[in-house]
Chemist: 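Input: one structure, supplied below.
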Amino acid sequence: MPARPIRPATAASPDTEGGRPGFDRSERSELARMVCQLFEHWQLDLAAQCELLGLSSGTRSTLARYRRGEPLADSRDLLDRVGNLLGIHKSLRLLYPHNRELAYRWPTARNRGLDNHTPLEIMLQNGLPGIITVRAYLDFLRGL
């Protein structure tokens, strides 16, 4: 997945719901595509995908819409989750530039640095704070 910076809009536009600055519709569509592709790389089931995005298990149709190119909802929680998940992916690609298989397997592998939990377990059990914890751990490993 190529790293392409997506900048929040600086002024309200017709695509920005509620007139708030944020990601426009096309940017949220690109984020949806990217996070769905990430979930495929990580080989996550639909329940885990919903949980990571903070969606109820009954909203699997929302994931299907995101896969079809519909934009992510203009929700701070959802956008924070997606941004941090993509940040985790970026860190893994930087840590393991020559081993994509390891980078894609890492979230589901036990990790001594995380008390022998998998990063996925931490993210699923703790929601957004867990996702942020895993990202911070990877930043630590990268020396940031």
Chemist: Minimum heavy-atom separation for Val134 to Pro119, with atom names?
Modeler: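 That closest heavy-atom pairing would be CG2-O, 3.7 Å.
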Chemist: Whether the side chain of Ser29 engages the backbone of Gly69 through a donor-acceptor N/O pair (distance < 3.5 Å, no angle test) should be reported.
Modeler: yes
Chemist: Can you name the nearest heavy-atom pair linking Asp74 to Arg28, along with the distance?
Modeler: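 Nearest heavy atoms, Asp74 then Arg28: N-NH1, 3.9 Å.
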Chemist: Whether the side chain of Asp115 engages the backbone of His117 through a donor-acceptor N/O pair (distance < 3.5 Å, no angle test) should be reported.
Modeler: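 No; judged by distance alone, with no hydrogens or angles, the pair does not exist.
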Chemist: Judged by modelled atom types alone, do Ser75 and Asp77 share a side-chain donor-acceptor pair under 3.5 Å?
Modeler: no
Chemist: Taking all atoms of both residues into account, what is the closest heavy-atom pair of Ile88 and Met123, and its distance?
Modeler: CD1-SD, 3.7 Å
Chemist: With no hydrogens and no angle check, is any side-chain donor or acceptor of Arg142 less than 3.5 Å from a backbone partner on Leu95?
Modeler: no
Chemist: List the atom of Pro107, the atom of Thr118, and the distance in Å for their closest heavy-atom pair.
Modeler: O-CB, 3.7 Å
Chemist: For residues Arg25 and Pro71, report the shortest heavy-atom separation together with the two atoms involved.
Modeler: NH1-CG, 3.4 Å
Chemist: Which side chain to side chain donor-acceptor pair (under 3.5 Å) pairs, counting each pair once, include a residue from residues 42-53, with sequence neighbours left out?
Modeler: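 Sorted result for residues 42-53: Gln49-Arg67.
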Chemist: What closest approach, in Å, do Leu138 and Ser91 show between heavy atoms, and which atom pair accounts for it?
Modeler: CB-CB, 3.8 Å
Chemist: Please go through Ile132's hydrophobic cluster and name the other residues, only I, L, V, M, F, W, Y counting, with side-chain heavy atoms under 4.5 Å joining them.
Modeler: Leu128
Chemist: Could you state the interatomic distance from CD (Glu30) to CG (Leu72), rounded to the nearest 0.5 Å?
Modeler: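 Here the interatomic distance stands at 10.5 Å.
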